[in-house]
Amino acid sequence: MRQKGDKFDVLVILVFLLLVSTISKASDSKDGFVQCEHIVKQWAASSLDLEVKDDKHVLQNLLFFLHVPRTGGRTYFHCFLKKLYASSLECPRSYDKLRIDPRQPKCRLLVTHDDYSMMSKLPKDETSVVTILRNPIDRVFSAYEFSVEVAARFLVHPNLTSATRMSGRLRSKNTISTLDIWPWKYLVPWMREDLFVRREARKQKGNSAVASTNPYDMEEMVIPLHEYINNPIARDIIHNGATFQVAGLTNNSYLTEAHDIRHCVLKYQSLGDYVLKVAKKRLDDMLYVGLTENHKESATMFANVVGTQAISQFTSSRSHGDHAANNNSEQRSSLLESDFDNTYHHSNSSYEKPSQISSVERGEATKENMTVGKLMDVYESCISNLRKSQSERRVNSLKKISPANFTKEGRRQVSEALLQEITSLNSLDVELYKYAQTIFANQHRLMLQNKVVTNQVDNGFDDSYGAFSWEAISIAVSVLFVLLVAVLFETAKRRTSKLKL
């Protein structure tokens with residue numbers, strides 16, 4: 001009986017300790033949520049209280065292009081902004097951290113993957129912000145594919161050590177590599193190591209056969225998509241990445257409290273509503289918000305909203321020595337987006353780097369007489385060349401992990417369950433994208449209205465000018481006719497006088 005009593009006492013103690021532990025954890029969890037809620041709400045309140053300029057639709061002295069990765073921002077930089085802004089007007093920058101004072105007089109254009117917290121370094125009253133958003137599901141696919149594509153370029157090396165050593169030498173040459181740029185400086189090394197591990201495993205097995213035909217689930221070649229999206233790195237950087245970037249809370253943020261806020265939101269998903277609210281307000285305050293999927297309409301709107309004002313601002317300043325400055329800074333400027341090439345090494349000779357593009361394609365020959373019509377013509381030509389070079393580079397990279405070839409057809413093999421999981425993991429981005437679509441529709445409607453008004457004014461001027469011209473001609477003919485009659489009458493009168501004499 002004594003032994004049974006001892007066992008019962010032990011059991012009671014264990015139950016008591018378990019109960020205390022559970023209550024303690026619940027209390028800690030509650031305290032943790034309360035603390036996190038306070039941190040997030042305080043930041044959101046201070047962000048929402050910031051005064052908004054009444055003239056947010058007017059292009060200011062400094063244009064900040066907040067480049068959300070995998071949204072097509074590279075084409076806007078090369079095919080729009082470099083046609084409008086002289087290279088001497090670009091802010092010298094690093095995608096990692098800005099190393100100069102952008103408030104210097106001639107700094108007029110900043111294009112970077114840095115998040116909205118960059119505004120803490122910029123003159124707010126003199127800065128206009130533009131961005132492009134993309135369907136969150138497509139952006140996750142694109143980020144996954146690009147991470148693999150860039151990492152696959154390193155497979156020309158015999159092992160990971162050799163590849164790492166080579167990339168280190170490249171980064172020491174004072175050029176901007178993909179490995180210097182957020183978020184690829186985190187995603188590519190992770191993916192590069194994974195590819196080398198899988199290649200070594202295939203060698204040891206001595207079997208090159210691939211069981212799956214789904215390129216997004218070929219674990220022998222590359223990390224499957226379902227593993228990728230659930231990795232802590234992807235959860236921290238990829239998912240809801242656009243919302244965190246627009247809110248200024250990425251792991252590359254300038255805000256000291258950004259890490260704590262992001263950690264709280266990742267831990268307590270309900271707090272994401274505060275971040276989403278701030279991100280929406282930031283979009284409201286921007287000069288332009290484009291959509292990757294609405295490519296043609298977005299490009300036309302960018303040309304009319306941003307291009308028109310930039311052309312107007314610089315029309316009177318083109319003849320003040322910008323061309324000479326362009327030549328001096330072109331090499332530095334070309335590094336902004338040549339990052340995608342530097343890790344390709346010697347096998348990338350087929351890719352036409354931005355610095356190799358002709359002066360006509362860069363827009364140098366047309367800047368002085370640039371119009372919106374010319375800008376769109378140059379853009380269409382430029383984007384065609386960029387797409388061709390990007391396609392060639394992608395094909396060459398993916399050959400190294402064949403048959404894992406990422407295509408639109410391949411995406412159709414991804415299960416509906418996995419697509420739903422990606423949607424759930426990106427719930428904030430889904431809501432922000434819907435909001436951006438509303439902003440875009442309103443911007444598009446306003447642009448069309450302005451065009452109609454402009455055309456009416458132009459047509460009215462043409463009509464009045466035409467009426468005035470015909471009236472003037474008619475009066476002139478009448479005056480000439482009267483003068484001719486008068487001359488003939490006077491001549492006839494003189495002849496009559498002479499005959500009488």
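Counting only heavy atoms from C-beta outward, the side chains of Arg139 and Asp429 approach each other to under 4.5 Å. Contact of the Met191 side chain with the Tyr228 side chain is registered, since non-hydrogen atoms from C-beta on lie closer than 4.5 Å. Inter-residue side-chain proximity for Leu249 and Val275 is flagged as met; some heavy-atom pair is nearer than 4.5 Å. Annotation: side chain of Leu291 is not in contact with side chain of Ile132 (no heavy-atom distance under 4.5 Å). Within the 4.5 Å cutoff, the side chain of Leu187 has no heavy atoms near those of the Trp182 side chain. With a 4.5 Å cut-off on side-chain heavy atoms, Ile229 and Arg235 do not count as touching. Here the side chains of Ile439 and Tyr435 are in contact, with some heavy-atom distance below 4.5 Å. Contact of the Phe440 side chain with the Leu133 side chain is not registered, since no non-hydrogen atoms from C-beta on lie closer than 4.5 Å.
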Given side chain to side chain contact (heavy atoms under 4.5 Å, CB included), test Glu421 with Leu425 step by step and report yes or no.
-> CA-CA 6 Å; Glu421 185 178 2; Leu425 289 168; 4.1 Å; yes
For the pair Val129 and Arg282, evaluate side chain to side chain contact (heavy atoms under 4.5 Å, CB included) and give the outcome as yes or no after the intermediate values.
-> CA-CA 9 Å; Val129 186; Arg282 297 270 164 82; over 6 Å; no
Determine, stepwise, if the pair Ser142 / Arg70 fulfils side-chain hydrogen bond (donor to acceptor under 3.5 Å, both in side chains).
-> CA-CA 6 Å; Ser142 186; Arg70 312 312 296 164; 2.9 Å; yes
May I have the step-by-step check of side chain to side chain contact (heavy atoms under 4.5 Å, CB included) for His38 and Gln35, ending in yes or no?
-> CA-CA 5 Å; His38 174 72; Gln35 184 178 5; 5.8 Å; no
Does the pair Thr112 and His67 meet the rule for a side chain to side chain contact (heavy atoms under 4.5 Å, CB included), with working shown?
-> CA-CA 6 Å; Thr112 172; His67 182 185; over 6 Å; no
Decide side-chain hydrogen bond (donor to acceptor under 3.5 Å, both in side chains) for Tyr85 and Gln313; before the verdict, give the C-alpha distance in whole Å, the side-chain angles of both, and the deciding distance to 0.1 Å.
-> CA-CA 10 Å; Tyr85 288 82; Gln313 282 186 0; 5.0 Å; no
Step by step, would you call Phe302 with Tyr379 a ring-ring contact (aromatic ring centres under 6.0 Å, His included)?
-> CA-CA 11 Å; Phe302 191 89; Tyr379 172 80; 8.6 Å; no
Go through Arg411 and Asp138 one step at a time and tell me if the salt bridge (charged side-chain N to carboxylate O under 4.0 Å, His left out) criterion holds.
-> CA-CA 10 Å; Arg411 289 188 185 185; Asp138 291 335; 3.6 Å; yes
What do the steps show when you test Phe64 against Tyr116 for ring-ring contact (aromatic ring centres under 6.0 Å, His included), and what is the final call?
-> CA-CA 9 Å; Phe64 170 26; Tyr116 198 91; 7.0 Å; no
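Among residues two or more places apart in sequence or in another chain, the salt bridge (Lys or Arg N to Asp or Glu O under 4.0 Å) test is passed with Asp217 by none.
Lys185 contributes atom NZ, which lies 11.0 Å from atom CG of Leu179 (distance to the nearest 0.5 angstrom). To the nearest 0.5 angstrom, Glu392 atom CD is 7.5 Å from Asn396 atom CG. Rounding to the nearest 0.5 Å places CD1 of Ile261 at 6.5 Å from CG of Leu255. Atoms SG and NE2, on Cys382 and His78 in that order, are 7.5 Å from each other to the nearest 0.5 Å. Rounded to the nearest 0.5 angstrom, Gln437 CD and Leu432 CG are separated by 10.5 Å. In this structure, CG on Leu122 lies 12.5 Å from CD on Gln60, to the nearest 0.5 angstrom.
In this structure, Ser391 contributes its side chain and Lys388 its backbone to no donor-acceptor pair below 3.5 Å. Looking only at distances, no side-chain donor or acceptor of Lys399 sits under 3.5 Å from a matching main-chain atom of Arg394. Put simply, the side chain of Thr423 gets close to the backbone of Leu419: a donor and an acceptor are under 3.5 Å apart. Asn230 places a side-chain N or O within donor-acceptor distance of the main-chain N or O of His226, the cut-off being under 3.5 Å. The backbone N or O of Gln420 sits nowhere less than 3.5 Å from a side-chain atom of Ser424 that would complete a donor-acceptor pair. Between the side chain of Ser397 and the backbone N or O of Val150 there is no donor-acceptor pair closer than 3.5 Å. A distance-only check finds a donor-acceptor pair linking the side chain of Ser253 to the backbone of Gly248 [under 3.5 Å]. For the pair Ser298 (side chain) and Gly290 (backbone), a donor-acceptor distance under 3.5 Å is absent. A donor-acceptor pair is defined here as one N or O able to donate and one able to accept, closer than 3.5 Å; no such pair exists between the side chain of Ser384 and the backbone of Ser381. Side-chain atoms of Thr71 come within 3.5 Å of backbone atoms of Val68 as a donor-acceptor pair (strictly under, hydrogens ignored).
The aromatic rings of Phe80 and Tyr76 sit perpendicular, their planes meeting at an angle over 60°, well past the 30° parallel limit.
Heavy atoms from other residues, nucleotides or ligands lying under 6.0 Å from CD of Gln269 number 12 at most. Glu193 CD: 12 or fewer foreign heavy atoms inside a 6.0 Å radius.
In terms of heavy-atom proximity, Asn426 sits nearest to Pro136 at CB-CB, 4.3 Å. Gln443 and Leu287 make their closest contact through NE2-O, 3.6 Å (heavy atoms, listed as atom of the first residue, atom of the second, distance). The nearest pair of heavy atoms linking Thr131 to Phe65 is CA-CE2, 4.2 Å. When every heavy atom of Asn214 is checked against every heavy atom of Ser212, the shortest pair comes out as N-OG, 2.9 Å. Considering all non-hydrogen atoms of both residues, Ser402 and Met221 come closest at O-CE, 3.4 Å. For the residue pair Leu428 and Gly272, the shortest heavy atom distance occurs at CD2-O, 3.6 Å.
For the residue pair Tyr433 / Glu293, a side-chain donor-acceptor distance below 3.5 Å is found, with atom types taken as modelled. Looking only at atom types and distance, the side chain of Asp115 has no donor-acceptor partner in the side chain of Asn252 under 3.5 Å away.
For Asp236 and Arg262, the salt-bridge test passes: some basic side-chain N is under 4.0 Å from an acidic carboxylate O. Under the 4.0 Å criterion applied to side-chain N and carboxylate O atoms, Asp194 and Arg198 are assigned as salt-bridge partners. A salt bridge does not link Arg108 with Glu90: none of the charged nitrogens is closer than 4.0 Å to a carboxylate oxygen. Lys56 has no carboxylate O lying under 4.0 Å from a charged side-chain N of Asp284, or vice versa, which leaves the two without a salt bridge. Note on Lys280 versus Glu431: no salt bridge recorded, every NZ/NE/NH1/NH2 to OD/OE distance being 4.0 Å or above.
Checked against the 6.0 Å centroid criterion, the rings of Trp184 and Phe146 qualify as a close aromatic pair. Note: Tyr216 and Phe406 meet the aromatic proximity criterion, with ring centroids under 6.0 Å apart.
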